[in-house]
Student: 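Sharing a structure below in structure tokens format, with a few things to ask.
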2 protein chains.
Amino acid sequence: MTSAATAKPTLVSLARELGVSRQTVSNALNAPHVVAPETRERVLAAITASGYRPSAVGRALRTRRSMNLAYRLYPAVDGINGAVMDRFLHHLVVQAQRHGYRVTLFDTPSYPAEIDALVEQHQAGLIDACVLTDTHSGDPRPRRLTRAGLPVVAFGRPWGDLESPHAWLDIDGGAGCEEAVAHLRAQGHTRIGFLGWPEGSGAGDDRCSGWARGMAGLDVAGLRVHAEDGVRQGVEATAALLTAGATAVVCVSDSLALGAASRFRSAGRSAADVIGFDDTPVAAALGLSSIAQPVEQAAATLITMTLAVLRGERLSAPHSLLPAHLVLRGHQPLQP
Amino acid sequence: MTSAATAKPTLVSLARELGVSRQTVSNALNAPHVVAPETRERVLAAITASGYRPSAVGRALRTRRSMNLAYRLYPAVDGINGAVMDRFLHHLVVQAQRHGYRVTLFDTPSYPAEIDALVEQHQAGLIDACVLTDTHSGDPRPRRLTRAGLPVVAFGRPWGDLESPHAWLDIDGGAGCEEAVAHLRAQGHTRIGFLGWPEGSGAGDDRCSGWARGMAGLDVAGLRVHAEDGVRQGVEATAALLTAGATAVVCVSDSLALGAASRFRSAGRSAADVIGFDDTPVAAALGLSSIAQPVEQAAATLITMTLAVLRGERLSAPHSLLPAHLVLRGHQPLQP
DNA sequence: CAGCATCATTTGATCGTTCAAAAGGTCTCG
DNA sequence: CGAGACCTTTTGAACGATCAAATGATGCTG
């Protein structure tokens with residue numbers, strides 16, 4: 001009541017009103033154990049009464065920690081498959097929040113600009129670390145950013161450089177495909193096709209290898225087909241698989257699976273023998289089985305890793321692979 | 001070279017090396033016109049040479065502006081329709097960036113907690129304004145947040161309170177539906193159905209009214225049907241429309257349109273006479289016509305509004321409605 | 001009772017920037 | 001030649017917090 005009751009309270013203004021020092025007020029919040037219980041109660045009461053909120057900016061300036069993580073939000077691509085990253089991002093935000101961190105977004109028009117953008121944000125004190133996605137073979141970002149002093153955590157393997165020293169986590173898509181094949185074999189299928197992307201993409205090849213493992217002991221001649229992602233492409237590629245005698249197919253994406261299911265139906269076969277990847281809303285809506293990525297767990301683990309890296313700990317498990325798993329759908333026969 | 005060349009440069013360290021004052025360095029960047037051209041060149045050269053980046057935190061502390069906008073990232077809902085907001089968010093980030101602003105995400109478990117979370121972030125100096133989405137009838141957020149001193153800009157009308165003083169922008173879905181009906185009438189259709197959500201949702205009712213306007217002069221008995229969102233629900237509701245003699249249908253969402261298209265095909269009709277809403281990737285992949293929301297333009301305008309609000313300007317146009325428009329697809333006949 | 005921990009609290013300095021006002025310099029004009 | 005105007009540069013003072021070290025108060029011990 002001494003001065004303006006309307007001005008936003010600060011540590012100093014609160015301290016003055018209470019007749020204690022600013023540091024005592026600060027300690028009551030950040031290091032309660034060093035403050036005498038009686039004082040602490042009094043201070044905390046005043047804090048809640050006044051509605052005081054510590055200035056995150058003042059704190060960031062002094063501690064040199066912004067409590068912010070950077071995340072590049074890519075332009076929405078084709079779309080059907082993009083849904084996975086949206087779910088991931090949401091979980092990332094929630095998990096970060098649980099630990100007092102926030103996620104701030106950015107995007108850059110060109111590819112190399114991403115590294116610069118991140119370094120700039122870091123130098124400006126805007127971010128403490130970054131979460132990389134869409135890693136690919138020969139990706140320069142982890143090493144370059146780490147060298148620039150920016151802590152890096154990646155969602156996605158450093159394809160071709162698995163021993164890169166940065167922390168990363170990925171989904172074991174191969175395991176999911178293997179499970180899918182096992183399921184189909186249990187149903188009596190022996191001619192199980194794989195509809196993949198053109199060779200060379202890490203994730204695609206990984207999923208393919210899982211299918212191959214699952215097919216151990218069976219003849220796979222003609223059962224492996226590659227196509228660009230897309231529903232239409234799925235329709236066409238599936239024709240080849242049917243010709244090769246396939247009675248079921250595991251697809252590398254839901255887009256392709258959508259096409260495959262369509263082709264299966266028009267060939268008089270059941271779409272229940274088509275399995276997609278990513279368990280997108282579309283697959284759910286159309287009653288298609290699909291292999292799901294455990295994105296929630298991925299986000300949680302990734303945040304845990306991030307915190308460890310920020311604490312400067314040497315990670316006991318700097319890498320982590322979470323198995324994807326098959327989601328079976330009764331395949332409510334949506335006519336088409 | 002005087003002291004450690006390794007330490008991160010600051011205004012003071014740069015000024016010392018150049019033999020000028022810190023303010024001169026600052027001005028060279030922020031107010032070039034007040035610095036003598038010769039000095040300016042020298043300072044700017046040193047800045048680029050040293051790789052100096054102004055500390056956003058120091059600046060934020062002094063200017064009391066964080067250059068951050070808050071955006072609540074909702075959990076991924078059903079999914080098919082969610083894609084619109086993802087595209088919107090991306091454009092929002094890009095547009096904000098163009099003006100030096102960043103977007104930081106948050107989410108809250110419960111509904112009322114959102115207001116508290118925003119106010120807290122504002123008091124902590126973390127955000128300068130917030131972008132609200134998912135507005136609904138009786139939404140308390142705009143007024144409450146504005147009263148708390150947090151500038152608000154909303155993507156979505158303040159349904160039921162169109163004169164609310166806050167800045168908002170929305171898509172005119174009704175206009176899009178009207179255009180869709182006009183297109184179908186031009187094709188010779190007179191029995192054009194509307195497949196909407198249960199009455200009471202602002203957006204849904206708005207779209208329905210657009211359909212009604214478009215149908216002016218025609219008998220609409222039995223041509224208006226409502227269902228919960230979902231592919232399956234779309235199939236069922238469309239049966240009723242066909243019974244009523246509908247030869248075409250405008251749907252309030254792509255999920256419903258997916259179901260409608262399926263039902264149309266199994267009735268031997270063309271899915272080209274089904275029109276969805278939101279132009280989601282699924283519609284594109286399946287070759288379905290759909291009414292698209294101009295999210296990119298929406299994001300750009302919204303950021304413009306935000307800047308004006310932050311400058312404290314009285315907006316000449318505090319509200320804005322952008323028409324949705326019809327996207328026709330040749331409807332490549334994906335068999336199903 | 002001096003000496004020494006121990007606990008609670010305060011003080012001074014600092015993080016890096018910008019605002020606002022002062023200071024120094026050059027030029028013009030009466 | 002001195003007053004005023006103008007342009008450039010510098011200076012002092014915040015912004016709001018935390019770190020690190022100093023100070024004061026209390027109790028215990030030999």
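In what follows, chains carry the letters A, B, and so on, assigned in the order in which the sequence lines appear, proteins first and then strands, with residues in each chain numbered from 1. Only heavy atoms go into these numbers, but all of them, side chains included; no hydrogens, no water, no symmetry mates.
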Student: Side chain to side chain contact (heavy atoms under 4.5 Å, CB included) between B/Arg42 and B/Val20: does it pass, once the steps are laid out?
Tutor: CA-CA 10 Å; B/Arg42 205 160 59 88; B/Val20 300; 3.6 Å; yes

Student: Once you apply a heavy-atom cut-off of 4.0 Å, does A/Val20 come out as touching a base, just sugar-phosphate, or nothing?
Tutor: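 Sugar-phosphate only.
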
Student: Suppose we screen for side-chain hydrogen bond (donor to acceptor under 3.5 Å, both in side chains). Which residues come up paired with B/Asp170, at least two apart in sequence or across chains?
Tutor: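 B/Asp170 satisfies side-chain hydrogen bond (donor to acceptor under 3.5 Å, both in side chains) with B/Arg157 only.
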
Student: For DNA chain C, what residues of residues 59-68 of chain B have any heavy atom nearer than 4.0 Å?
Tutor: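 Hits under 4.0 Å, by residue number: B/Arg59, B/Leu61, B/Arg62, B/Thr63.
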
Student: Start with the C-alpha gap between B/His90 and B/Asp86, add the side-chain angles, then the distance that decides, and say whether side chain to side chain contact (heavy atoms under 4.5 Å, CB included) holds.
Tutor: CA-CA 6 Å; B/His90 177 261; B/Asp86 302 327; over 6 Å; no

Student: Show your working on side chain to side chain contact (heavy atoms under 4.5 Å, CB included) between B/Leu69 and B/Ile303 and close with a plain yes or no.
Tutor: CA-CA 10 Å; B/Leu69 309 178; B/Ile303 290 294; 3.9 Å; yes

Student: Before accepting this row, confirm whether a basic side-chain N of the pair A/Arg72/A/Asp134 lies closer than 4.0 Å to the acidic partner's carboxylate O.
Tutor: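 Salt bridge absent between A/Arg72 and A/Asp134.
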
Student: As a quick check of understanding, evaluate side chain to side chain contact (heavy atoms under 4.5 Å, CB included) for A/Leu73 and B/Leu89, giving each step before the final call.
Tutor: CA-CA 9 Å; A/Leu73 186 65; B/Leu89 176 57; 3.8 Å; yes

Student: For DNA chain C, which residues of residues 44-51 of chain A approach it to below 4.0 angstrom with any heavy atom?
Tutor: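 Contacting residues: none.
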
Student: Locate the shortest heavy-atom distance separating B/Ile171 from B/Gln293; write the atom from each residue and the value.
Tutor: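 In terms of heavy atoms, the two residues are closest at CG1-OE1, 3.0 Å.
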
Student: Give, for atom OG1 of A/Thr135 and atom CH2 of A/Trp159, the distance between the pair rounded to the nearest 0.5 Å.
Tutor: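 Between atom OG1 of A/Thr135 and atom CH2 of A/Trp159 there are 7.0 Å.
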
Student: Please give me every residue in residues 23-35 of chain B whose heavy atoms get under 4.0 Å of an atom in DNA chain C, ordered by residue number.
Tutor: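 DNA chain C contact set from residues 23-35 of chain B: B/Gln23, B/Ser26, B/Asn30.
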
Student: If each of B/Gly19 and A/Arg22 is mapped to the nucleotide of DNA chain D with the nearest heavy atom, which maps nearer the 5' terminus, i.e. the 5' end?
Tutor: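 Looking at the nearest nucleotide for each, B/Gly19 comes out on the 5' side.
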
Student: Which nucleotide of DNA chain C is the first, and which the last, in the 5' to 3' direction, to come under 4.0 Å of a heavy atom belonging to chain A?
Tutor: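 So the outermost contacting nucleotides come out as C/dA8 to C/dG16.
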
Student: Might you point out which heavy atoms bring A/Phe155 and A/Leu302 nearest each other, and give the distance in Å?
Tutor: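 That closest heavy-atom pairing would be CB-CD2, 3.6 Å.
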
Student: Base, sugar-phosphate, or nothing for A/Val12, non-hydrogen atoms under 4.0 angstrom?
Tutor: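 No contact at all - A/Val12 keeps every heavy atom at 4.0 Å or more from the nucleic acid.
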
Student: Got a list of side-chain donor-acceptor pairs under 3.5 Å for residues 119-131 of chain B, not counting sequence neighbours?
Tutor:
| from | atom 1 | to | atom 2 | distance (Å) |
| --- | --- | --- | --- | --- |
| B/Glu120 | OE2 | A/Arg53 | NH2 | 3.4 |
| B/Asp128 | OD1 | B/Ser66 | N | 2.9 |
| B/Asp128 | OD1 | B/Ser66 | OG | 3.0 |
| B/Asp128 | OD2 | B/Ser66 | N | 3.2 |
| B/Asp128 | OD2 | B/Met67 | N | 2.7 |

Student: Residues two or more places apart in sequence or in another chain: which of them pass side-chain hydrogen bond (donor to acceptor under 3.5 Å, both in side chains) with B/Arg314?
Tutor: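 For B/Arg314 there are no side-chain hydrogen bond (donor to acceptor under 3.5 Å, both in side chains) partners, ignoring immediate neighbours.
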
Student: Not counting sequence neighbours, which residues clear ring-ring contact (aromatic ring centres under 6.0 Å, His included) with B/His99? List them please.
Tutor: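 Here no residue qualifies.
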
Student: With sequence neighbours excluded, what pairs up with A/Glu313 under the side-chain hydrogen bond (donor to acceptor under 3.5 Å, both in side chains) test?
Tutor: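 Testing A/Glu313 for side-chain hydrogen bond (donor to acceptor under 3.5 Å, both in side chains), a comparison that skips the adjacent residues, returns A/Arg311.
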
Student: Please list all pairs passing the ring pair (Phe, Tyr, Trp, His ring centres under 6.0 Å) test where one or both residues lie in residues 31-71 of chain A, with sequence neighbours left out.
Tutor: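 Those involving residues 31-71 of chain A do not exist here.
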
Student: Under the rule for side-chain hydrogen bond (donor to acceptor under 3.5 Å, both in side chains), what residues qualify as partners of A/Ser164, not counting sequence neighbours?
Tutor: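 By the side-chain hydrogen bond (donor to acceptor under 3.5 Å, both in side chains) rule, A/Ser164 matches A/His166.
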
Student: Using chain A heavy atoms and a threshold of under 4.0 Å, write down where along DNA chain D the contacts begin and end, 5' to 3'.
Tutor: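 Listed 5' to 3', the contact boundaries are D/dG16 to D/dA20.
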
